[in-house]
Amino acid sequence: MNRSLRDFVLLEFALSIPFWGIGALAQAQIIPDHVLFRAAWSLTPMIAATILVYRANKVAGVKEFFARILDYPRVKSKRWYGAVFLTGPLIVSLQYGVALWSGLQIPPPHLTLLVPLAFIAFFLVAYVEELGWTVYALDTLQERHSAISAGILV
């Protein structure tokens with residue numbers, strides 16, 4: 001498939017400009033800082049890639065593009081799913097442990113239904129973001145470079 005990495009990067013950059021401006025205004029306390037709005041920034045790689053795929057291949061291309069997010073049979077070693085699902089909670093647990101070890105006074109974890117719901121929500125946002133960076137950009141780079149080179153470039 002003939003994809004333009006340059007067009008993807010430029011469109012992603014253009015879609016990010018409003019988020020930079022709003023982030024700067026929030027940082028300067030001119031407007032309120034809304035975490036959910038900033039999280040929406042994660043959707044711009046998927047939006048950029050979708051626009052470019054639609055421009056090149058219309059609706060059929062977009063359907064194929066979105067189908068890739070559920071293309072789990074391509075993963076040869078299913079052990080990687082453990083890393084995918086456990087890395088986030090492991091990092092948070094490690095941060096908490098280091099904070100306790102360093103003597104910081106932090107409250108004990110308060111686990112509610114919101115914790116797994118937030119985990120699922122953030123996982124889905126990250127998953128959708130990867131449509132742009134992995135399915136579009138990484139695949140495009142891997143047509144010309146090795147997997148390790150393409151991964152480093154992304």
Side-chain angles (χ1 to χ4, degrees), residues 1-28 31-96 98 109 111-154:
M1 192 176 293
N2 188 15
R3 295 180 176 170
S4 170
L5 191 59
R6 183 202 68 205
D7 290 351
F8 173 75
V9 170
L10 290 174
L11 187 54
E12 164 61 13
F13 180 81
L15 290 170
S16 297
I17 291 171
F19 290 95
W20 292 334
I22 290 169
L25 293 172
Q27 186 84 20
I31 62 172
D33 189 9
H34 294 287
V35 174
L36 288 177
F37 182 77
R38 282 188 286 132
W41 191 352
S42 298
L43 301 177
T44 59
M46 182 235 3
I47 294 168
T50 302
I51 289 169
L52 295 172
V53 168
Y54 179 80
R55 188 176 75 182
N57 302 99
K58 305 298 179 224
V59 174
V62 172
K63 284 181 181 178
E64 181 183 325
F65 177 66
F66 274 89
R68 281 290 308 281
I69 204 161
L70 299 173
D71 196 7
Y72 61 89
R74 291 184 73 207
V75 177
K76 307 252 185 304
S77 175
K78 303 303 183 209
R79 290 182 292 167
W80 284 107
Y81 287 115
V84 167
F85 288 105
L86 297 176
T87 300
L90 183 65
I91 290 171
V92 169
S93 299
L94 187 63
Q95 288 174 321
Y96 187 75
V98 168
L111 301 177
T112 66
L113 181 59
L114 189 58
V115 172
L117 290 177
F119 176 75
I120 290 168
F122 284 112
F123 180 81
L124 290 174
V125 167
Y127 207 59
V128 170
E129 179 180 18
E130 289 308 311
L131 268 170
W133 291 117
T134 301
V135 175
Y136 192 92
L138 186 66
D139 283 1
T140 303
L141 283 168
Q142 283 184 324
E143 290 173 4
R144 293 172 258 180
H145 303 282
S146 69
I148 190 84
S149 298
I152 291 169
L153 287 169
V154 167

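For the single chain, residues carry numbers from 1 onward in sequence order. Scope of the values below: all heavy atoms of this structure, side chains included, with no hydrogens, waters or symmetry mates.
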Fill in: Nearest-0.5 Å distance, CD1 of residue Ile22 to CD1 of residue Ile31
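Here the rounded value is 5.5 Å.
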Item to complete: Taking the six-membered ring of Phe66 (Phe, Tyr or Trp), confirm whether the NZ or CZ of Lys63 is under 6.0 Å from its centre and within 45° of its axis.
Response: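 No cation-pi geometry.
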For atom [atom1] of [X], is the number of surrounding heavy atoms from other residues, nucleotides or ligands below 6.0 Å larger than 12?
X      : atom1 : value
Phe13  : CZ    : no
Phe119 : CZ    : yes
Leu117 : CG    : yes
Lys76  : NZ    : no

Side-chain heavy-atom pair [X], [Y] within 4.5 angstrom cut-off:
X      : Y      : answer
Asp139 : Gln142 : yes
Glu64  : Asn57  : no
Ile69  : Val135 : no
Tyr136 : Leu52  : yes

Discussion item. In terms of relative ring orientation, are Trp41 and Phe19 parallel, tilted or perpendicular, with 30° and 60° separating the classes?
Written reply: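 Parallel: the ring planes of Trp41 and Phe19 meet at under 30°.
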Item to complete: Please report the shortest heavy-atom distance between Phe65 and Ala49, naming the atom on each side.
Response: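 That closest heavy-atom pairing would be CZ-CB, 3.4 Å.
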